[in-house]
Amino acid sequence: EPLIQEKAWLELMQALDGDGGARPHFEIETNGTLLPGTGFLDRIDQINVSPKLANSCVAETLRRKPDVLAALAATGKADFKFVIGCSADLDEVIALASAIPLPRERVFLMPRALTIEELRQNQGPVAAMALAHGFRYSDRLHLRLYGAKRGV
């Protein structure tokens, strides 16, 4: 979770801003369990939030922080990405998006896949789910380009 190092990230962003040249664009990915401070939120341009669903097998008390998700949504800078493997995952996203609320146009559904073949099988159904519910679809380009390697 990058926001564990929020202070260091903020110092780095401030250092990179200091040369008087073009302002860098800063984007971060988070699991949505920690709310950054105002200074960080003011400086960051885009927040990619990937909350874990029940399919992650992480306890709900550890993975679900509705107040943090609502605050991130309120910034207008956050997109929310969910990995979908079955209809129960979609039901969980719909419930969460309604409860927070999350802007549907800022919610991305990504098919669960560890192989290109699994991606091919799941992309159509997940894209149809996104379309049917006003969400957006996100491919797994990293899987297409590099396979199931960690760190890419």
Side-chain angles (χ1 to χ4, degrees), residues 1-56 58 60-85 89-114 116 119 122-123 126-152:
E1 172 54 49
L3 291 177
I4 292 172
Q5 296 88 23
E6 176 185 343
K7 183 177 182 244
W9 282 114
L10 189 53
E11 289 171 1
L12 176 61
M13 288 187 287
Q14 290 169 341
L16 293 171
D17 277 345
D19 69 1
R23 181 180 180 269
H25 177 92
F26 293 109
E27 193 167 319
I28 193 162
E29 181 152 349
T30 176
N31 62 19
T33 59
L34 297 174
L35 183 62
T38 304
F40 188 90
L41 288 172
D42 287 345
R43 183 54 196 91
I44 201 78
D45 296 293
Q46 172 67 35
I47 307 164
N48 301 307
V49 187
S50 295
K52 302 288 184 228
L53 297 176
N55 66 22
S56 69
V58 173
E60 186 170 0
T61 56
L62 297 176
R63 66 180 165 80
R64 183 69 47 83
K65 305 292 181 190
D67 55 331
V68 173
L69 297 176
L72 293 173
T75 68
K77 298 178 179 185
D79 287 335
F80 298 84
K81 177 188 74 179
F82 298 93
V83 176
I84 304 295
D89 298 339
L90 175 65
D91 293 342
E92 189 176 352
V93 171
I94 291 169
L96 183 63
S98 296
I100 298 296
L102 302 177
R104 297 242 169 174
E105 70 277 4
R106 307 260 349 213
V107 173
F108 291 78
L109 304 184
M110 175 184 281
R112 186 178 202 173
L114 295 176
I116 297 292
L119 180 57
N122 295 339
Q123 65 189 9
V126 173
M129 290 175 187
L131 184 61
H133 295 280
F135 299 134
R136 298 175 81 182
Y137 174 82
S138 178
D139 196 36
R140 299 183 73 93
L141 183 59
H142 60 288
L143 181 60
R144 292 185 191 281
L145 294 176
Y146 304 108
K149 294 180 185 171
R150 293 186 66 82
V152 295

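Any value given below was found using the heavy atoms of this structure, including those in side chains, with hydrogens, waters and symmetry copies removed.
Put simply, CZ on Arg43 and CG on Leu12 are 10.0 Å apart, with the number rounded to the nearest 0.5 Å. With rounding to the nearest 0.5 angstrom, the CD atom of Glu11 is 12.0 Å from the CD atom of Gln5. Rounding to the nearest 0.5 Å gives a distance of 16.0 Å between CD1 of Ile4 and NZ of Lys7. Within the model, atoms CG of Leu3 and CG of Leu10 stand 11.0 Å from one another, a figure rounded to the nearest 0.5 Å.
Between the Glu6 side chain and the Gly37 main chain, a donor and an acceptor come within less than 3.5 Å of each other. Although no hydrogens or angles enter the test, the distance criterion places a donor-acceptor pair under 3.5 Å between the side chain of Asp45 and the main chain of Phe26. A donor-acceptor contact shorter than 3.5 Å is absent between the side chain of Ser98 and the backbone of Ala95.
In this structure the side chain of Glu27 never reaches within 4.5 angstrom of the side chain of Ile44, judged on heavy atoms. Using a 4.5 Å heavy-atom cutoff, the side chains of Phe82 and Leu96 are in contact. At a threshold of 4.5 Å between non-hydrogen side-chain atoms, the residues Arg144 and Ile116 count as touching. At a threshold of 4.5 Å between non-hydrogen side-chain atoms, the residues Arg104 and Arg106 do not count as touching. Taking 4.5 Å as the limit, every side-chain heavy atom of Asp67 sits out of range of all side-chain heavy atoms of Leu35. Taking 4.5 Å as the limit, every side-chain heavy atom of Ser50 sits out of range of all side-chain heavy atoms of Phe80. Looking at Val83 and Asp89, their side chains never come closer than 4.5 Å, going by heavy atoms from C-beta outward. Within the 4.5 Å cutoff, the side chain of Trp9 has heavy atoms near those of the Phe40 side chain.
A salt bridge is defined here as a Lys NZ or Arg NE, NH1 or NH2 lying under 4.0 Å from an Asp or Glu carboxylate O, and Arg64 with Glu92 meets this definition. Using a 4.0 Å cut-off between charged nitrogen and carboxylate oxygen, Asp42 and Lys77 do not count as a salt-bridge pair.
Between Ile100 and Ala70, the shortest heavy-atom distance links the atoms CG2-CA, 3.5 Å. Across Gly32 and Val49, no two heavy atoms sit closer than the pair CA-CG1, 3.7 Å. The minimum heavy-atom distance between Ser138 and Pro111, with the atom names listed, is O-CD, 3.3 Å.
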TODO: Give the C-alpha distance, both sets of side-chain angles, the deciding distance and a yes or no for side chain to side chain contact (heavy atoms under 4.5 Å, CB included) between Ile84 and Arg112.
DONE: CA-CA 5 Å; Ile84 304 295; Arg112 186 178 202 173; over 6 Å; no
- [ ] Apply the test side chain to side chain contact (heavy atoms under 4.5 Å, CB included) to residues Leu109 and Arg136: give CA-CA distance (whole Å), side-chain angles for both, the deciding distance (0.1 Å), then the verdict.
- [x] CA-CA 6 Å; Leu109 304 184; Arg136 298 175 81 182; over 6 Å; no
- [ ] Start with the C-alpha gap between Asp17 and Arg23, add the side-chain angles, then the distance that decides, and say whether side chain to side chain contact (heavy atoms under 4.5 Å, CB included) holds.
- [x] CA-CA 6 Å; Asp17 277 345; Arg23 181 180 180 269; 4.1 Å; yes
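Side-chain contact annotation: Thr30 with Glu1, donor-acceptor N/O pair under 3.5 Å present.
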